[in-house]
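Below is one structure, written out as structure tokens, with a few remarks after it.
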There are 2 protein chains.
Amino acid sequence: MQKLSSVFRKLEEGSKRLTPQRELVIRILADHPGEHLSAEEIHRLVKREFSNIGLATVYRALELLTDLNILQRISFNDGKARYEFNQEELHRHHHLVCLRCGKVAEFNEDLLESLEDRIYKRRGFKVMDHELKLFGICQSCNKNARRG
Amino acid sequence: MQKLSSVFRKLEEGSKRLTPQRELVIRILADHPGEHLSAEEIHRLVKREFSNIGLATVYRALELLTDLNILQRISFNDGKARYEFNQEELHRHHHLVCLRCGKVAEFNEDLLESLEDRIYKRRGFKVMDHELKLFGICQSCNKNARRG
DNA sequence: CTACGTGCAAACAGTTTGCAGTGCG
DNA sequence: CGCACTGCAAACTGTTTGCACGTAG
């Protein structure tokens with residue numbers, strides 16, 4: 001992973017260490033792109049390679065990495081936070097949440113910039129980031145519904 | 001409130017009752033538009049007029065009313081759910097979340113329809129609703145920052 | 001009289017915190 | 001040595017559930 005050096009630099013700036021636990025958390029997220037893992041799921045996956053890691057350590061790693069903007073925390077209103085890499089592209093990466101089967105798909109589209117310009121002009125609100133969730137019925141559920 | 005009759009009809013369809021507690025929850029939300037109250041805040045406000053109402057009752061009322069699409073549950077990733085009226089306009093009512101002071105402002109803009117058309121054509125995903133949050137720095141924080 | 005509704009307390013899930021111990025820098 | 005870091009368990013917060021009782025239809 002070429003990105004590790006940049007992670008390392010960000011950690012060093014706050015005199016934080018890249019411990020095996022933290023590195024594993026990062027690797028797990030890297031190995032599961034677009035899966036929006038929860039802390040518990042991450043803990044379970046990390047445990048397979050580091051069996052005695054504590055859940056609190058995972059939480060602390062996730063918090064640290066989120067603060068450093070290495071990860072991004074998102075929530076789908078199911079009561080638990082989920083995490084993914086905070087790649088630059090994520091700022092224009094959105095979610096399609098199926099109301100029937102619950103699957104979360106992603107799409108990238110930059111459509112919001114003109115809106116953000118307008119908001120700044122009209123309201124003086126400087127948009128730094130955005131989060132767009134579209135709720136609806138996905139293709140496969142749609143097909144099943146038509147058959148049923 | 002002219003809307004109460006429609007609430008009543010929706011409740012009757014499921015043979016649910018419009019109890020004083022439920023009506024109060026509705027009135028509190030009506031009296032605090034755009035404030036995104038949490039269950040606890042609603043409970044506190046309701047208690048002022050109905051001192052022995054239980055928190056669980058508020059939760060149950062909120063769940064019921066959300067299921068009936070009378071209310072809408074939203075979350076700003078602060079660990080608790082928030083509620084507002086599910087007016088039709090809400091479907092194109094979005095949030096500006098200030099990263100510095102935490103204030104949540106609203107704006108209405110319909111800008112997403114063309115995007116939704118495109119998503120349906122490309123991905124077969126039929127969008128029913130959307131939720132857009134813009135994170136940034138609000139006007140007053142922006143001014144303070146420039147001064148400071 | 002039955003099904004819905006309630007208050008209370010206990011249970012629950014996700015997350016955070018306190019603490020004693022470990023080990024890098 | 002000192003401070004970051006850890007695992008563990010206990011604490012905390014928001015929410016849900018079980019239960020006994022009440023009350024509307």
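The chains referred to below are lettered A, B, ... by the order of the sequence lines, with proteins before strands, and numbering in each begins at 1. What you see below is based on every heavy atom in this structure, not just the backbone, and it leaves out hydrogens, waters and symmetry mates. Just so you know, these numbers come straight off a predicted model, no measurement behind them.
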| query | Can you check the A/Leu18 CG to C/dG23 P distance for me, whole Å? | reply | 18 Å

| task | Please report, rounded to the nearest Å, how far the P atom of C/dC4 is from the CZ atom of B/Arg22. | result | 11 Å

| query | How does protein reach along nucleotides 10-18 of chain D, written 5' to 3' as B (base within reach of a heavy atom under 4.0 Å), S (only sugar-phosphate), or - (no contact)? | reply | ----SBBBB

| request: Output every pair passing side chain to side chain donor-acceptor pair (under 3.5 Å) with a member in residues 43-66 of chain B, not counting sequence neighbours, ordered by first then second residue. | output: B/Arg27-B/Glu49

| field | Between P of C/dT16 and CG of A/Asp67, the distance in whole Å | value | 11 Å

| Length of the line joining A/Leu62:CG and C/dT16:P, which is rounded to integer Å | 10 Å

| task | Would you confirm whether A/Arg22, through its side chain, and A/Arg17, through its main-chain N or O, come within 3.5 Å as a donor-acceptor pair? | result | yes

| Tell me: CG of B/Leu24 to C1' of C/dT6, nearest whole Å? | 14 Å

| Under 4.5 Å between any side-chain heavy atoms of A/Leu96 and A/Val104, yes or no? | no

| request: Report yes if some heavy atom in the side chain of B/Gln139 is under 4.5 Å from a heavy atom in the side chain of A/Phe125; otherwise report no. | output: no

| OP1 or OP2 of D/dA4 sitting under 4.0 Å from any side-chain N/O of A/Thr19? | no

| query | So, do B/Tyr83 and B/Gln72 sit near enough that their side-chain heavy atoms are less than 4.5 Å apart? | reply | no

| request: Report the distance from atom CZ of A/Arg44 to atom C1' of C/dG14, rounded to the nearest whole Å. | output: 16 Å

| query | Taking side chain as C-beta onward, heavy atoms only, is B/Ile74 less than 4.5 Å from B/Lys133? | reply | no

| query | Within the structure, does a side-chain N or O atom of A/Thr57 lie under 4.0 Å from either OP1 or OP2 of D/dC5? | reply | no

| message | Rounded to whole Å, please give me the gap between CD in A/Glu41 and C1' in C/dG14. | response | 13 Å

Please enumerate all protein N or O atoms sitting under 3.5 Å from an N or O of nucleotides 21-25 of chain D, with distances to 0.1 Å.
none

| A/His36 and A/Glu41: side chain donor to acceptor below 3.5 Å | no

| request: Determine whether A/Leu132 and A/Leu134 make a side-chain contact, defined as any pair of heavy atoms from C-beta on separated by less than 4.5 Å. | output: yes

| task | Using a cut-off of strictly less than 4.0 Å, decide whether B/Gln21 has a side-chain nitrogen or oxygen near OP1 or OP2 of C/dG5. | result | no

| message | Just the rounded figure in Å: distance from C1' of C/dG5 to CD1 of B/Ile53. | response | 11 Å

| Between D/dG7, C/dC4, C/dG5, which one does the side chain of B/Ser15 approach most closely? | C/dC4

| request: Could you tell me whether the side chain of A/Phe85 reaches within less than 4.5 Å of the side chain of A/Pro33, counting heavy atoms only? | output: no

